[in-house]
Amino acid sequence: ASYGDTMNITAQCAKCKNEDTFGVEIQAILDHFTKSTFESDIRVEDFLLRLRPLSLIELTTVQQRTTAIQRQAVQYVEQIVDTDEKQAKLNALYDEINSLQTDVIYSIVTEITTPDGEKEIHHKFIVDFLENGDPKFFKAVKTAYDKFNESWAIPASTVACSECKTQYQI
């Protein structure tokens, strides 16, 4: 919870492990989101692909699943002694993250209009088009999705550790 114009965020210094609490200005965050936009139509050659942003629930679910997978990589995989087994587990976790991201990219395409003006709105056919068509279509959607995520991320604030004075981003 926050009171007033700031929101407190606790962070740990990577250098000395000291924990500090910093006040981040809420208005700066709100101003950032006011300026952010979502490009719902992208053109690839003569095709028009219509996109939708993820809902808050979808975005949160994706973030939770990604964090859980990354946590497995750090906590579980670190304990594996055998190098081949460790690499196989890491590869499986990376494949899982890639699959999750691919599914998200497929889910944001709501319509494809061909150069002839034909429209496709059925999710199964859209996924088939993106999976089996020219990779430039998938790449264009992924680029738009990445730009969306970048523009809607909470802007970083530079802070300094109260103990060692090291500056870092939160």
Going by atom type alone, with no hydrogens or angles, which donor-acceptor pairs under 3.5 Å involve a side-chain atom of residues 92-102 and a protein atom two or more places apart or on another chain?
residue : atom : partner : partner atom : Å
N98     : ND2  : Y94     : O            : 3.4
T102    : OG1  : N98     : O            : 2.8

Donor-acceptor under 3.5 Å (H32 side chain, S151 main chain): yes
Has the side chain of Q12 got a donor or acceptor atom that lies under 3.5 Å from a matching backbone atom of K17? yes
K142 and D146 ion-paired at < 4.0 Å: yes
Atom [atom1] of [X]: over 12 foreign heavy atoms under 6.0 Å:
{"X": "L90", "atom1": "CG", "result": "yes"}
{"X": "Q27", "atom1": "CD", "result": "yes"}
{"X": "L30", "atom1": "CG", "result": "yes"}

Would you say [Y] ends up clustered with [X] if hydrophobic residues are merged whenever their side chains have heavy atoms under 4.5 Å apart, either directly or through other cluster members?
{"X": "L56", "Y": "M7", "value": "no"}
{"X": "Y106", "Y": "I126", "value": "yes"}
{"X": "F138", "Y": "V104", "value": "yes"}
{"X": "V44", "Y": "L51", "value": "yes"}
{"X": "I69", "Y": "I80", "value": "yes"}

For F22 against A160, the heavy-atom pair lying closest together: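 Minimum heavy-atom contact is CE2-O, 3.5 Å.
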Pairwise side-chain contact, [X] with [Y], heavy-atom cut-off 4.5 Å (strictly under):
{"X": "V74", "Y": "Q70", "value": "no"}
{"X": "K124", "Y": "D128", "value": "no"}
{"X": "L54", "Y": "Y145", "value": "yes"}
{"X": "T21", "Y": "T10", "value": "yes"}

So how far is it from [X] [atom1] to [Y] [atom2], rounded to the nearest 0.5 Å?
{"X": "K119", "Y": "T114", "atom1": "NZ", "atom2": "OG1", "answer": "10.0 Å"}
{"X": "T113", "Y": "D46", "atom1": "OG1", "atom2": "CG", "answer": "12.0 Å"}
{"X": "I108", "Y": "R52", "atom1": "CD1", "atom2": "CZ", "answer": "8.0 Å"}
{"X": "K86", "Y": "T83", "atom1": "NZ", "atom2": "OG1", "answer": "7.0 Å"}
{"X": "R50", "Y": "I112", "atom1": "CZ", "atom2": "CD1", "answer": "12.0 Å"}
{"X": "Q63", "Y": "L59", "atom1": "CD", "atom2": "CG", "answer": "4.0 Å"}

Passes side chain to side chain contact (heavy atoms under 4.5 Å, CB included), I29 versus E25? Steps please. CA-CA 7 Å; I29 295 171; E25 289 188 34; over 6 Å; no
Step-by-step side chain to side chain contact (heavy atoms under 4.5 Å, CB included) determination, T60 to Q64: CA-CA 6 Å; T60 302; Q64 288 172 337; 3.8 Å; yes
Only counting residues at least two apart or in another chain, list the ones meeting side-chain hydrogen bond (donor to acceptor under 3.5 Å, both in side chains) with S107.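 S107 satisfies side-chain hydrogen bond (donor to acceptor under 3.5 Å, both in side chains) with no residue once adjacent residues are dropped.
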Listed partners of K147 passing side-chain hydrogen bond (donor to acceptor under 3.5 Å, both in side chains), at least two apart: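 side-chain hydrogen bond (donor to acceptor under 3.5 Å, both in side chains) check on K147 returns nothing, list empty.
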For residues 162-170, dump all side-chain donor-acceptor pairs below 3.5 Å to protein atoms at least two apart in sequence or in another chain.
residue : atom : partner : partner atom : Å
S162    : OG   : N18     : ND2          : 3.2
S162    : OG   : D20     : OD1          : 2.6
S162    : OG   : D20     : OD2          : 3.3
K165    : NZ   : S162    : O            : 3.0
Q169    : NE2  : T158    : OG1          : 2.6

Those residues at least two apart in sequence (or on a different chain) that pass ring pair (Phe, Tyr, Trp, His ring centres under 6.0 Å) with F137 are F47, F129
The test is side chain to side chain contact (heavy atoms under 4.5 Å, CB included); show your working for T67 and R71 and say whether it passes. CA-CA 6 Å; T67 300; R71 193 170 291 136; 3.4 Å; yes
Restricting to salt bridge (charged side-chain N to carboxylate O under 4.0 Å, His left out), what partner residues turn up for K136, sequence neighbours left out? E45, D134
